[in-house]
*Asks:* 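The structure is given below, and queries will be raised subsequently.
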Amino acid sequence: SSPGPPHPFNGLLDRPGLEGPKSGVLRDPVRNAALQGGMADGWINRTDGPPSAVLLAVRMPNDQAASAVVQAYLADQQGLKPDEDLSYRGVQVMTTGGGVFRTAYAAHGWAVVVETSDANPQVAEGAFKQLLSRQVEQTPPTVRE
């Protein structure tokens with residue numbers, strides 16, 4: 001199944017965008033961590049599915065600032081639990097136990113967010129693994145707490 005239509009938020013994510021028209025791409029605590037931490041710019045690629053998928057990257061001044069955004073993102077996942085089978089060093093995967101999979105990790109001063117969801121948990125997990133492995137291959141985590 002091919003992913004759905006691209007989302008209108010797609011493309012460059014700059015500070016004015018994140019402060020205004022694209023503020024909805026990150027929840028408040030995560031957006032605040034990015035803006036207060038000195039976000040330079042970033043990009044988003046989202047398809048509305050099924051399965052829906054989000055790949056988002058925010059460029060921060062350094063790994064420490066990127067890591068703060070990642071920690072804010074992971075701390076914000078209420079109701080989700082770590083998925084030990086899908087997680088590895090530097091990449092903590094969170095899941096509902098159903099059809100939602102999310103992670104964020106820090107790489108070379110970037111905070112990278114990967115999310116998928118689908119009514120069918122297998123479809124969501126398959127899409128997530130594919131998206132995440134491609135992303136980690138391209139940009140492996142540099143912060144591995």
Side-chain angles (χ1 to χ4, degrees), residues 3-4 6-119 121 123-145:
H7 196 270
F9 279 174
N10 284 359
L12 178 71
L13 186 62
D14 57 10
R15 283 188 74 96
L18 193 58
E19 285 166 341
K22 294 188 181 184
S23 63
V25 301
L26 291 172
R27 284 166 47 92
D28 288 356
V30 190
R31 189 174 64 245
N32 293 341
L35 292 170
Q36 287 160 14
M39 165 199 182
D41 57 19
W43 50 266
I44 179 169
N45 185 1
R46 175 173 159 183
T47 51
D48 285 338
S52 78
V54 175
L55 190 54
L56 184 140
V58 178
R59 191 190 338 222
M60 301 299 291
N62 51 46
D63 265 349
Q64 200 179 350
S67 205
V69 174
V70 167
Q71 294 310 319
Y73 176 88
L74 293 172
D76 191 45
Q77 302 303 319
Q78 297 104 335
L80 276 72
K81 291 187 281 306
D83 184 317
E84 300 307 336
D85 294 337
L86 293 179
S87 298
Y88 39 100
R89 260 180 83 213
V91 183
Q92 187 182 26
V93 176
M94 308 291 284
T95 181
T96 52
V100 176
F101 294 86
R102 297 178 183 156
T103 191
Y105 70 91
H108 303 286
W110 289 81
V112 179
V113 171
V114 180
E115 306 179 344
T116 64
S117 63
D118 192 85
V123 171
E125 183 174 349
F128 181 82
K129 282 167 136 161
Q130 194 179 10
L131 199 55
L132 180 61
S133 68
R134 201 179 313 148
Q135 193 51 43
V136 166
E137 212 168 277
Q138 226 179 313
T139 322
T142 51
V143 177
R144 296 182 181 269
E145 289 112 51

*Asks:* Around Glu19, counting heavy atoms of other residues, nucleotides and ligands shown, do more than 12 lie under 6.0 Å from its CD?
*Replies:*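 It does: Glu19 CD has more than 12 such atoms within range.
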
*Asks:* Only pairs under 3.5 Å count here: list side-chain donor-acceptor contacts from residues 102-110, not counting sequence neighbours, and write none if there are none.
*Replies:*
| unit_1 | atom_1 | unit_2 | atom_2 | d |
| --- | --- | --- | --- | --- |
| Arg102 | NH1 | Gln77 | OE1 | 2.6 |
| Thr103 | OG1 | Gln92 | O | 2.7 |
| Tyr105 | OH | Gln135 | O | 3.4 |
| Tyr105 | OH | Thr139 | O | 2.7 |

*Asks:* Would you mind reporting whether Leu56 and Glu115 have side-chain heavy atoms less than 4.5 Å apart?
*Replies:*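 With C-beta onward as the side chain, the pair stays apart.
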
*Asks:* Considering non-hydrogen atoms only, spot the tightest contact between Asp118 and Pro51 and give its length.
*Replies:*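 Here Asp118 and Pro51 meet closest at OD1-CA, 3.3 Å.
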
*Asks:* If you compare all heavy atoms of Val91 against all heavy atoms of Pro141, which two are closest, and at what distance to 0.1 Å?
*Replies:*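 Smallest interatomic distance, heavy atoms only, reads CG2-CG, 3.8 Å.
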
*Asks:* Do the side chains of Lys81 and Met94 get nearer than 4.5 Å, heavy atoms only?
*Replies:*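 No, their side chains stay 4.5 Å or more apart.
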
*Asks:* Please give me the minimum heavy-atom distance between Pro16 and Pro21, naming the atom from each residue.
*Replies:*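 The pair with the smallest heavy-atom distance is O-CD, 3.8 Å.
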
*Asks:* Mind listing the closest non-hydrogen atom pair of Asp83 and Asp85 along with its distance?
*Replies:*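 Nearest pair, atom of Asp83 first, then Asp85: OD1-N, 3.0 Å.
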
*Asks:* If you take all heavy atoms of Glu137 and Pro140, which pair is closest and at what distance?
*Replies:*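 That would be O-CD, 4.1 Å.
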
*Asks:* What residues, two or more places apart in sequence or in another chain, satisfy side-chain hydrogen bond (donor to acceptor under 3.5 Å, both in side chains) together with Asp41?
*Replies:*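 Scan of Asp41 (side-chain hydrogen bond (donor to acceptor under 3.5 Å, both in side chains), adjacent residues dropped) gives Arg59.
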
*Asks:* Shortest non-hydrogen contact from Ala124 to Thr116?
*Replies:*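 For Ala124 and Thr116, the tightest heavy-atom pair comes out as O-OG1, 2.9 Å.
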
*Asks:* Output the distance between atom CD (Gln138) and atom OG (Ser133), rounded to the nearest 0.5 Å.
*Replies:*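 If I round to the nearest 0.5 Å, the distance is 10.5 Å.
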
*Asks:* Holding to side-chain contact (heavy atoms from CB on, under 4.5 Å), I want the full list of residues that pass it with Thr96, two or more places apart in sequence or in another chain.
*Replies:*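 Per chain and number, Thr96 pairs via side-chain contact (heavy atoms from CB on, under 4.5 Å) with Leu80, Val100.
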
*Asks:* Would you check if Val70 and Val143 make a side-chain contact, meaning some heavy-atom pair closer than 4.5 Å?
*Replies:*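 No, too far: nothing below the 4.5 Å cut-off.
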
*Asks:* Give, for atom CG of Leu13 and atom CG of Leu26, the distance between the pair rounded to the nearest 0.5 Å.
*Replies:*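 With rounding to 0.5 Å, CG (Leu13) is 7.0 Å from CG (Leu26).
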
*Asks:* To the nearest 0.5 Å, tell me how far Leu18 CG sits from Leu35 CG.
*Replies:*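 CG of Leu35 is found 4.5 Å from CG of Leu18.
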
*Asks:* Main chain of Val93, side chain of Ser87: is a donor-acceptor contact present, judged purely on distance under 3.5 Å?
*Replies:*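 Indeed, once roles are kept as given, a pair shorter than 3.5 Å links the two residues.
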
*Asks:* Say whether, by atom type as modelled, one donor and one acceptor occur between the side chain of Thr95 and the main chain of Gly97 under 3.5 angstrom.
*Replies:*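 Checked: pair present.
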
*Asks:* Under a 4.5 Å cut-off applied to non-hydrogen side-chain atoms, are Asp76 and Gln78 in contact?
*Replies:*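 When only atoms from C-beta onward are counted, Gln78 and Asp76 do touch, with a gap below 4.5 Å.
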
